[in-house]
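Quick caveat, the model's predicted, so the values are computed rather than measured.
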2 protein chains.
Amino acid sequence: MKRPTIADIARRAGVSKGAVSYALNGQPGVSEATRKRILSIAQEIGFNANSAARALSGARARAVGLTLSRPARLLGIEPWFMGLISGFEAELGERSYALTLQVVTSPEAEVEVYRRWWGERRIDGVIVTDTREDDIRIPVLEEIQLPAVVIGGPGDTGSIPQIWSDDAGAMTEAVRYLVALGHHRIARVSGVPGLLHSQNRTKAFEEVCASLGLDDAVTIPADYTGEEGSRATRRLLIGGDRPTAIIYDNDVMAVAGLAVAQEMGLSVPGDLSIVAWDDSPLCSLVHPPLTALSRDIAAYGAQAARELLNAIDGNKVGNAEAGRVHLTPRGSTAPPR
Amino acid sequence: MKRPTIADIARRAGVSKGAVSYALNGQPGVSEATRKRILSIAQEIGFNANSAARALSGARARAVGLTLSRPARLLGIEPWFMGLISGFEAELGERSYALTLQVVTSPEAEVEVYRRWWGERRIDGVIVTDTREDDIRIPVLEEIQLPAVVIGGPGDTGSIPQIWSDDAGAMTEAVRYLVALGHHRIARVSGVPGLLHSQNRTKAFEEVCASLGLDDAVTIPADYTGEEGSRATRRLLIGGDRPTAIIYDNDVMAVAGLAVAQEMGLSVPGDLSIVAWDDSPLCSLVHPPLTALSRDIAAYGAQAARELLNAIDGNKVGNAEAGRVHLTPRGSTAPPR
DNA sequence: TCCCACAACTTACCCGGTTCAGTGATATGG
DNA sequence: CCATATCACTGAACCGGGTAAGTTGTGGGA
């Protein structure tokens with residue numbers, strides 16, 4: 001089936017291609033009457049501008065890219081990315097931008113994807129997640145001048161704007177809450193240590209624990225998977241001086257930790273309190289439901305998409321703070337027995 | 001920064017644009033020596049074909065589309081889609097096709113997305129999930145002749161090929177297993193009733209239960225969310241003649257069901273056995289780990305992507321069966337007390 | 001009455017690949 | 001030795017929108 005083009009509209013309206021283009025794009029150069037006529041014809045025959053033609057003539061590709069860099073088995077279960085994606089879509093859909101996805105296995109592969117996307121002019125910008133210290137992606141993005149927005153921080157992302165969240169403040173809130181309940185031995189199971197936000201959280205955790213006089217505050221590094229979460233939890237719980245509360249860096253590890261406690265015959269929250277970072281339906285799904293540090297991930301994604309579209313439009317975009325993280329107390333935290 | 005084009009290569013190689021195009025695409029019409037020279041120049045200057053130009057000149061857009069049609073809060077937690085996406089990527093990446101994603105809220109919106117994508121020539125084909133009886137998307141896809149592959153079935157998808165899985169066989173296996181353990185009162189919590197595979201499973205469940213003489217086999221419809229899973233489970237467990245085993249149509253509802261049982265003081269698997277359909281890390285994460293009907297979702301996705309690329313290449317593609325579903329027994333099933 | 005400004009268009013070329021119809025040079029066959 | 005086939009390439013049209021530059025036609029001001 002033949003797709004309608006602006007030439008078809010032009011013929012039916014009795015004007016030139018150029019006039020149709022002006023009319024459809026809201027440019028001056030056609031009268032209101034003609035514009036209306038053209039728009040109604042376009043509507044009637046179901047016209048959609050060919051994205052390739054549009055992209056080719058110097059305009060935008062009207063697509064943004066996102067790479068998913070976690071191992072496949074984790075991607076599925078962690079609600080984080082899907083939450084982000086929903087958020088992006090809300091913004092992108094409104095301006096009919098498409099979202100192009102690519103699963104990558106390493107930062108090097110990710111850089112290659114960026115270079116290829118740029119070379120192919122397939123996308124107008126990218127959203128970068130999981131930043132590391134001295135991230136190799138930053139200089140490449142700066143070199144090829146691909147509009148980008150970093151999700152995460154605060155941290156050094158060169159000239160690329162970041163949408164950061166106040167992880168330090170949230171960590172402080174969580175630890176203070178546990179201490180107020182009466183906990184003294186608080187441990188933490190972190191995500192991949194190389195990631196900037198793991199480092200931010202670790203630093204904040206150590207600082208607040210020190211300021212509150214909790215000396216044996218330990219962070220065990222893990223990798224966000226359930227298996228590592230279980231292992232780290234076992235390590236913490238078999239010790240003689242086991243913690244009475246554990247803060248996990250994601251929901252999946254927290255749920256795994258809960259299962260380990262139950263399997264060891266420990267009662268949650270009686271013997272062990274659990275706090276999950278990044279709330280998700282998963283947290284309220286288990287028994288007892290998990291106290292969590294919540295934030296609106298979709299809104300976070302939407303904000304990032306907005307800033308990216310802004311950058312693509314050539315506007316100057318600065319760093320911005322995402323919505324606040326707040327503590328949602330549920331059944332997994334209580335005073336220690 | 002200026003991106004290299006074939007004209008740049010042509011100039012440096014001292015040949016015409018046409019020759020470069022032939023050389024890069026492995027077409028006949030250039031000598032081996034010239035081809036090698038052109039390829040090495042392309043390599044050297046980091047040439048990537050402009051996808052828009054390529055798509056415009058009648059060729060492929062080199063992208064396929066996928067719509068996500070579940071509510072956002074469920075998308076995140078259900079590993080199913082992410083598993084599929086990983087599988088697609090494995091195939092698509094190899095042939096450097098991009099994957100374009102769109103979150104939709106209704107079948108009508110989804111149809112609109114297909115029409116727009118098609119009009120924009122943004123994609124070469126789509127992967128369709130969550131088919132319903134008399135699915136409104138099928139006739140539209142047939143009308144606009146957009147290459148497509150349906151994930152799910154068996155069922156009527158007109159001329160669109162489907163990758164189906166033997167849900168009936170798997171259901172039979174699960175019920176037989178529970179009966180062999182000694183269960184007589186088996187219930188089921190299903191996904192959205194309108195979906196084809198819910199119907200297939202319900203039919204299979206009723207048939208196998210009838211053939212085994214289990215009269216009170218009941219299916220409670222839900223919608224894949226944890227809340228509905230909890231509600232359905234409560235309804236089943238407060239009755240006088242409560243089931244000793246429940247089969248859930250996804251992992252999320254099964255985990256929710258487990259939490260409800262624990263909250264009601266029932267022991268799993270002592271008082272209640274639980275089987276989850278579609279295994280995921282989530283199932284082995286909780287305590288006790290859930291017996292599940294497993295299949296390789298990523299492989300399923302990869303197969304679908306392969307067939308779609310085949311269809312895009314203009315080959316005739318027929319229905320195909322995906323890898324088998326098998327029962328993975330874990331700690332949530334045992335003989336009833 | 002003439003000139004100019006301006007709105008409302010049209011014309012024509014651009015973007016960067018793909019592809020088809022030629023064109024010369026060389027090889028093959030009778 | 002000439003006709004013909006084949007190879008290796010060139011040139012130009014084309015895909016479908018975007019847009020700068022050019023062309024009408026109209027009205028207003030001097």
Side-chain angles (χ1 to χ4, degrees), chain A residues 1-39 41-42 45-63 96 116-122 124, chain B residues 1-39 41-42 45-63 96 116-122 124 313-314:
Chain A
M1 188 171 154
K2 179 79 173 51
R3 273 160 258 222
T5 70
I6 54 167
D8 298 324
I9 301 180
R11 207 174 312 116
R12 290 181 61 148
V15 295
S16 69
K17 275 182 12 170
V20 174
S21 177
Y22 289 137
L24 293 176
N25 294 304
Q27 302 270 57
V30 278
S31 66
E32 259 328 293
T34 310
R35 186 188 303 275
K36 269 197 182 144
R37 192 154 44 90
I38 288 174
L39 287 175
I41 293 175
I45 64 177
F47 171 79
N48 283 296
N50 180 321
S51 64
R54 186 175 258 168
L56 185 56
S57 56
R60 309 266 113 93
R62 294 191 151 269
S96 58
R116 185 162 53 75
W117 275 346
W118 174 81
E120 294 178 348
R121 265 197 180 79
R122 208 180 252 290
D124 300 322
Chain B
M1 188 170 155
K2 180 79 174 54
R3 274 159 260 224
T5 71
I6 53 167
D8 298 324
I9 301 180
R11 205 173 315 116
R12 289 180 63 144
V15 294
S16 70
K17 275 183 9 170
V20 175
S21 177
Y22 291 137
L24 293 175
N25 293 303
Q27 302 269 59
V30 278
S31 66
E32 259 328 295
T34 310
R35 186 188 304 276
K36 270 198 182 140
R37 192 154 43 90
I38 289 173
L39 286 176
I41 293 175
I45 64 177
F47 172 79
N48 282 295
N50 180 321
S51 63
R54 188 174 256 170
L56 185 55
S57 54
R60 307 266 111 93
R62 294 192 151 269
S96 58
R116 184 163 53 77
W117 274 347
W118 173 80
E120 294 179 348
R121 264 199 180 76
R122 206 179 255 289
D124 301 322
D313 286 345

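- Remark: Asn25(A) is not in phosphate contact with dG17(D), judged by side-chain N or O atoms under 4.0 Å from OP1 or OP2.
- Between Leu24(A) and Ala42(A) the shortest heavy-atom distance is CD2-CB, 4.1 Å.
- What you find for Ala52(A) and Leu56(B) is that their closest heavy atoms are CB-N, 3.8 Å.
- Nearest heavy atom pair, residue Arg35(B) against residue Gln27(B), reads NH2-O, 2.8 Å.
- Checked by atom type and distance alone, the side chain of Arg121(A) never pairs as donor or acceptor with a backbone atom of Ala55(A) at under 3.5 Å.
- The residue Val20(A) sits apart from the nucleic acid: no heavy atom pair falls under 4.0 Å.
- Of all the heavy atoms in Thr5(A) and Asp8(A), the pair that sits closest is N-OD2, 2.8 Å.
- Of the possible donor and acceptor atoms, none in the side chain of Arg122(B) sits under 3.5 Å from a partner among the backbone N and O of Ser51(A).
- If you take CG of Leu56(B) and C1' of dG17(D), they are 8 Å apart, rounded to a whole angstrom.
- Taking atom CD1 of residue Ile45(A) and atom P of nucleotide dG16(D), one finds them 13 Å apart after rounding to whole Å.
- Of the side-chain N and O atoms in Arg54(A), one or more sit less than 4.0 angstrom from OP1 or OP2 of dG18(D).
- Following rounding to the nearest Å, Ile6(A) (CD1) and dC15(C) (C1') show an atom-to-atom distance of 14 Å.
- Set against dG16(C), dG17(C), dT19(D), the side chain of Arg121(A) has dG16(C) as its closest nucleotide.
- In this structure, Asn48(B) atom CG and dG17(C) atom P are separated by 10 Å, rounded to whole Å.
- The backbone N or O of Lys17(B) lies less than 3.5 Å from no partner atom in the side chain of Ser21(B), so there is not a single donor-acceptor pair.
- Nearest heavy atom pair, residue Asp124(B) against residue Ala61(B), reads OD1-N, 2.8 Å.
- Atom CD1 in Ile38(A) sits about 8 Å away from atom P in dC9(C), given to the nearest Å.
- The interatomic distance linking Arg60(B) (CZ) with dG16(C) (P) rounds to 23 Å, in whole Å.
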Which pairs, protein N/O on one side and nucleotides 4-8 of chain C N/O on the other, fall under 3.5 Å?
none

Extract from the structure each pairing of a protein N or O with an N or O of nucleotides 11-14 of chain C at less than 3.5 Å, listing the distance.
none

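- Of the candidates dT19(C), dG16(D), dG17(C), dG16(D) carries the atom nearest the Ala53(A) side chain, counting heavy atoms from C-beta on.
- Using a 4.0 Å heavy-atom cutoff across all strands shown, Gly119(B) reaches no nucleic acid atom at all.
- For Arg122(A) and dG16(C), the CZ to P distance is 17 Å, given to the nearest whole Å.
- The two residues Phe47(B) and Ile9(B) come nearest to each other via the heavy atoms CG-CD1, 3.7 Å.
- In this structure, CG of Asp8(A) is placed 13 Å from C1' of dG17(D), rounded to the nearest angstrom.
- Residue Gln27(A) places at least one side-chain N or O closer than 4.0 Å to OP1 or OP2 of dT19(D).
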Verdict with supporting geometry, Val30(A) and Arg37(A), side chain to side chain contact (heavy atoms under 4.5 Å, CB included):
CA-CA 11 Å; Val30(A) 278; Arg37(A) 192 154 44 90; over 6 Å; no
